[in-house]
Amino acid sequence: MRFVKFSFVLLILLALFVPALAQEDEKDDRGAGLTIGFSQIGSESAWRTSFTEAVIAEAAERGINLLFSDAQQSQENQIAAIRAWLAQGDVDAIILAPVIESGWDDVLQEAADMGVPVIIVDRNVNADESLYVTRVSSDFVHEGRLAAAWLAQETSGNCNIVELYGTVGSAAAEDRHKGFMDVINLFGNMKIIQSQTGNFVRTEGKQVMASILSSVDPSTICAVFAHNDDMAIGAIEAIKEAGLAPAKDILIVSVDAIPDIFDAMDAGETNATVELSPFMGGPAFDAVVAYLNGEQLPKWIPVGGGLYTSRADYDADR
Ligand code: AHR
């Protein structure tokens, strides 16, 4: 009789706990319950702010516990945040948007040694690919080529160009420049006559453009290629303050496709923008879940974007 009672109790316990234990083994396929550190570059541009907001919203929607760090464009701050998460020992993965390409080997190795997977997002790192799981980002070289191709067509291959450079050493700036040069080098009468960094910041874009307009005969400037829309908007203000008509006296092409650039387009003050999607959080979180479930991932998960010369065209593609 005692054996029967014991078996009955055992059956009840098994019925209660086996399903729970089974559930623990299955990782939620969207990441619910995971703790993920997100090292963000800063808030230097409207696009970066949209990117941050999109990642935070995606984590909340998935039930992911997101640890967020805004590095204020400092690599030192990014590395410190990652080391703090590793020391706490409570992150399941780290997502890194690297401000510049170099200087990541040591901290990525430390994460690898502790078995914490790292997903690179937005920009790129010059590091051994084995030190990160994958990279979710656009093709910055392609973005530069798109901008140059539009300008070549718009000017029949004849244009003196002012380049507003992004953060020197960042993949976004270096590769957009590379792609832009790939195309303009095909045209003997297209050349960059001035190139200065505005660090992707609106006010710096205005300052640099104002300085160039006061040192170069504005009538010799055919166009501005700004590595992001914020610097283009700053340049528009400087061009207007110099008594010139942006998008007419001086053509303007940039990257990001932020709402403000379409306002400028509606006002006839800029010509073209290349889209950069801020929605990289979803693919990054999916990559974390896939990795933790033992799946193999490609080293690059691309996000795309086209070139737009009107809000209507952009909206039509949503
Ligand atoms: O890395 C992407 C670039 O960084 C965006 O084009 C720019 O707006 C941001 O500062």
Side-chain angles (χ1 to χ4, degrees), residues 45 100-101 123 138-202 204-257 261 264-265 268-276 305-309:
S45 69
I100 56 173
E101 291 187 275
R123 298 181 184 174
S138 65
D139 181 340
F140 298 123
V141 173
H142 180 65
E143 292 165 352
R145 288 174 179 159
L146 279 181
W150 173 85
L151 190 57
Q153 183 175 359
E154 200 66 20
T155 61
S156 304
N158 297 282
C159 195
N160 287 338
I161 303 151
V162 167
E163 180 182 37
L164 299 180
Y165 219 88
T167 301
V168 175
S170 70
E174 302 305 329
D175 286 353
R176 283 170 185 164
H177 173 78
K178 200 180 299 175
F180 192 82
M181 294 309 294
D182 284 348
V183 173
I184 70 166
N185 283 338
L186 300 173
F187 300 87
N189 291 328
M190 290 188 83
K191 60 181 177 297
I192 292 177
I193 56 172
Q194 289 281 329
S195 180
Q196 288 183 37
T197 184
N199 279 309
F200 290 124
V201 173
R202 195 169 297 196
E204 291 190 40
K206 179 176 182 178
Q207 288 158 4
V208 168
M209 192 66 205
S211 165
I212 290 170
L213 286 167
S214 65
S215 60
V216 172
D217 175 358
S219 67
T220 65
I221 301 172
C222 153
V224 171
F225 168 47
H227 286 186
N228 79 333
D229 291 343
D230 282 75
M231 292 192 293
I233 290 166
I236 288 167
E237 290 168 15
I239 291 167
K240 290 200 291 188
E241 287 176 11
L244 297 165
K248 301 172 185 64
D249 296 331
I250 298 177
L251 301 175
I252 299 168
V253 57
S254 53
V255 185
D256 281 348
I261 206 68
M265 224 174 263
E269 295 181 346
T270 193
N271 300 97
T273 185
V274 177
E275 179 187 11
L276 174 62
L307 180 138
Y308 296 94
T309 56

Polar contact flag, side-chain donor to acceptor under 3.5 angstrom, H227-E163:
yes
Will you find, in the side chains of N158 and S156, an N or O donor that is under 3.5 Å from an N or O acceptor?
no
Main chain of V201, side chain of N199: is a donor-acceptor contact present, judged purely on distance under 3.5 Å?
no
Side chain N271, main chain L251, donor-acceptor under 3.5 Å
no
Any side-chain heavy-atom pair from [X] and [Y] closer than 4.5 angstrom?
{"X": "M181", "Y": "H177", "answer": "yes"}
{"X": "V168", "Y": "E174", "answer": "yes"}
{"X": "I261", "Y": "S254", "answer": "yes"}
{"X": "V162", "Y": "I250", "answer": "no"}

What's the spacing between [X] [atom1] and [Y] [atom2] if we round to 0.5 Å?
{"X": "E101", "Y": "S170", "atom1": "CD", "atom2": "OG", "value": "7.5 Å"}
{"X": "C222", "Y": "E154", "atom1": "SG", "atom2": "CD", "value": "9.5 Å"}
{"X": "T167", "Y": "N228", "atom1": "OG1", "atom2": "CG", "value": "8.5 Å"}
{"X": "I221", "Y": "I161", "atom1": "CD1", "atom2": "CD1", "value": "11.5 Å"}
{"X": "I212", "Y": "Q196", "atom1": "CD1", "atom2": "CD", "value": "4.5 Å"}
{"X": "L164", "Y": "I252", "atom1": "CG", "atom2": "CD1", "value": "9.0 Å"}

If every non-hydrogen atom of [X] is compared with every non-hydrogen atom of [Y], which pair is closest and at what distance?
{"X": "T155", "Y": "L151", "value": "OG1-O, 2.7 Å"}
{"X": "G305", "Y": "L146", "value": "O-CD1, 4.0 Å"}
{"X": "T270", "Y": "A247", "value": "N-CB, 3.5 Å"}
{"X": "G198", "Y": "E204", "value": "O-CB, 3.2 Å"}
{"X": "S138", "Y": "L276", "value": "OG-CD1, 3.3 Å"}
{"X": "I239", "Y": "A245", "value": "CG2-C, 4.2 Å"}

Matching residue for I192 among F180, F225, Y165 - test: side-chain contact (heavy atoms from CB on, under 4.5 Å):
F180
